[in-house]
Amino acid sequence: MINIEKDYPLDRLNTFGMSVKAPWFSVLRQKEDCTVLASAAPESKSLLILGGGSNMLFTRQPDQWVIKNEVKGIELIREDATHVWLSVGAGEVWHEFVLYCISRQYCGIENLALIPGTVGAAPIQNIGAYGVEVKQLIDRVHFWDIENGSFAYLDNEDCRFGYRDSIFKQTLKGKYIITAVEWKLSKTPALNTSYGNIKEELEKMGIENPGIKDVADAVIAIRSAKLPDPKVVGNAGSFFKNPEVDNEIYAAIKANYAEAPGYKAGADKTKIPAAWLIEQCNWKGFRQGDAGVHPKQPLVLVNYGNASGSEIFLLSTQIIESVNKKFGITLEREVQII
Ligand code: FAD
Ligand code: EPU
């Protein structure tokens, strides 16, 4: 049963806090309702699927039928001596799912604690943090194929996962509604504490033999100290991706900036933190009206109150231009622009 509301305010449904209205708005509570979408469609048939609204920037009033995915449910579908397979509704809140796994000692997902958003959005940009990406844990992605009007799925190897990328952002863009994601998680911990300052944080917490909950707590502490809480200041996390450049380009930058950070990304490429590039261009802490660059993490653009989506977008364009001018590197936006 699909109920359609008109002129529905989305202010609280996007973490940038943009004040926009959906011309038509519905909540999808069960995957079976996908089958009636085509016949129930109002004037516009094009759909905008909304999860937690934590990776999108509205630069205009949407003209699509906005469907908020609230398909819930966590089901243990299989287990063997070493692993469990879980099918999870796309509308489950990501962090709650992480906590669910930790409480049952399902391992591998703990470094991804506190990422905002829904389970269904996780495969779209292959969410990642602290040395783990969901491509390492996803078994299968189930979706409604809008064009064909049928349910379908893709196995992990067909999702073309990359750094903040997948087939869902590329050739399938706009053509699907993810309804559930199947996860394969280990019953035995294999802690990954090498990234960033997880080890230091565990020491600070006085933990010598950490378990998966300790690692999640350390990640939560680091994230809370660094990233702005969208409930306090509007933002969508990293606005740009970290660029992967040819090793020679990185070497040329190093020649002028000995301290320039970089991480190997395959044999020929180096990943340079965009936060560093943006800081070098003096944007850190910049504010114009209510649009700004976060003072602790310049990769995060913020809405201090009443910035419009176009003001944030314009700021992102200015940043791209200045980084390009200084370093010859073109930053790519991570956030989905509507
Ligand atoms: P939304 O913003 O609602 O949607 C994102 C895109 O996916 C849109 O194009 C939307 O149309 C589409 N979409 C969403 N759900 C579905 C569905 N079921 N079917 C089809 N299309 C769908 N990301 C990281 O990878 N790592 C981080 O560490 C991280 N940290 C963050 C920290 C903060 C403070 C914030 C605000 C964001 C952060 N993000 C991070 C970004 C964001 O949390 C993720 O991209 C998350 O997966 C978005 O989920 P969502 O449900 O909010 O998606
Ligand atoms: N840095 C600076 N100045 C700063 C902050 C950072 O120069 O003010 C440099 C430092 O060299 C630092 C490096 O940037 O070592 C990396 O910073 P950080 O560890 O905060 O990570 P990030 O590269 O900025 C990425 C992801 C985050 C993810 C963290 C942790 C992208 C685009 N962003 O950020 O994901 O949480 O690593 O793994 O890959 C998101 O995608 O929305 C997101 C928040």
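We count residues from 1, following the sequence as given. Note that the structure is predicted; figures quoted are calculated from it, not measured. Counting starts at 1 for both ligands and their atoms, following the listed order.
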(message) Taking the side chain as everything from C-beta on, heavy atoms only, tell me whether K187 gets closer than 4.5 Å to T82.
(response) no
(message) Among all the protein's non-hydrogen atoms, which is closest to atom 8 (O) of ligand 2, and how far away is it?
(response) K284 NZ, 2.6 Å
(request) Measure the distance from atom 52 (O) of ligand 1 to every protein heavy atom, then report the residue, atom name and distance (to 0.1 Å) of the closest one. (result) S54 OG, 2.6 Å
(message) Considering Q297, K226, R164 one by one, which has a heavy atom nearer to atom 28 (C) of ligand 2 than any of the others?
(response) R164
For residues 232-255, tabulate all N or O donor-acceptor pairs below 3.5 Å that involve a side-chain atom, not counting sequence neighbours.
{"residue": "N235", "atom": "OD1", "partner": "G237", "partner atom": "N", "Å": "2.9"}
{"residue": "N235", "atom": "ND2", "partner": "P228", "partner atom": "O", "Å": "3.1"}
{"residue": "N235", "atom": "ND2", "partner": "V233", "partner atom": "O", "Å": "3.0"}
{"residue": "K241", "atom": "NZ", "partner": "E332", "partner atom": "OE2", "Å": "3.4"}
{"residue": "N242", "atom": "OD1", "partner": "A274", "partner atom": "N", "Å": "2.8"}
{"residue": "D246", "atom": "OD1", "partner": "K269", "partner atom": "NZ", "Å": "2.9"}
{"residue": "N247", "atom": "OD1", "partner": "K269", "partner atom": "N", "Å": "3.3"}
{"residue": "N247", "atom": "OD1", "partner": "T270", "partner atom": "N", "Å": "3.4"}
{"residue": "N247", "atom": "OD1", "partner": "T270", "partner atom": "OG1", "Å": "2.8"}
{"residue": "N247", "atom": "ND2", "partner": "A267", "partner atom": "O", "Å": "2.8"}
{"residue": "N247", "atom": "ND2", "partner": "D268", "partner atom": "O", "Å": "3.4"}
{"residue": "Y250", "atom": "OH", "partner": "A260", "partner atom": "O", "Å": "2.7"}
{"residue": "Y250", "atom": "OH", "partner": "G262", "partner atom": "N", "Å": "3.3"}
{"residue": "K254", "atom": "NZ", "partner": "A258", "partner atom": "O", "Å": "2.8"}
{"residue": "K254", "atom": "NZ", "partner": "A260", "partner atom": "O", "Å": "3.4"}

(message) Quick check on R223 - does any of its heavy atoms sit under 4.0 Å from an atom of ligand 1?
(response) yes
(message) Only heavy atoms of T118, strictly under 4.0 Å: list the atoms of ligand 1 that pass.
(response) 49 (O), 50 (P), 51 (O)
(request) Would you check whether Y130 has a nitrogen or oxygen atom less than 3.5 angstrom from a nitrogen or oxygen atom of ligand 2? (result) yes
(request) Give the residue and atom name of whichever protein heavy atom lies nearest to atom 41 (O) of ligand 2, and the separation in Å to one decimal. (result) E334 OE1, 2.8 Å
(request) List the closest protein heavy-atom neighbour of atom 23 (O) of ligand 2: residue, atom name, distance to the nearest 0.1 Å. (result) N242 ND2, 2.8 Å
(request) Name the option, out of P116, S238, G196, that contains the heavy atom nearest to atom 40 (C) of ligand 2. (result) S238
(message) Just to confirm my output: which protein heavy-atom neighbour is closest to atom 2 (C) of ligand 2, and how far is it?
(response) E279 OE1, 3.5 Å
(message) For D145 and S150: C-alpha separation, side-chain torsions, deciding distance, then whether side chain to side chain donor-acceptor pair (under 3.5 Å) applies.
(response) CA-CA 5 Å; D145 179 332; S150 58; 4.8 Å; no
(message) Considering non-hydrogen atoms of the protein only, which is the closest contact for atom 39 (O) of ligand 2, and what is the distance?
(response) Y163 OH, 2.7 Å
(request) Using a 4.0 Å heavy-atom cut-off, say whether Y263 meets ligand 2 through its side chain, its backbone, both or neither. (result) side chain
Could you go through residues 174-186 and list every donor-acceptor pair under 3.5 Å that involves a side-chain atom there, pairing it with any protein atom two or more places apart or in another chain?
{"residue": "K175", "atom": "NZ", "partner": "T171", "partner atom": "O", "Å": "3.4"}
{"residue": "Y176", "atom": "OH", "partner": "F168", "partner atom": "O", "Å": "2.9"}
{"residue": "T179", "atom": "OG1", "partner": "H142", "partner atom": "O", "Å": "3.3"}
{"residue": "E182", "atom": "OE2", "partner": "H142", "partner atom": "NE2", "Å": "2.6"}
{"residue": "W183", "atom": "NE1", "partner": "V181", "partner atom": "O", "Å": "3.3"}
{"residue": "S186", "atom": "OG", "partner": "T188", "partner atom": "N", "Å": "3.0"}
{"residue": "S186", "atom": "OG", "partner": "T188", "partner atom": "O", "Å": "2.9"}

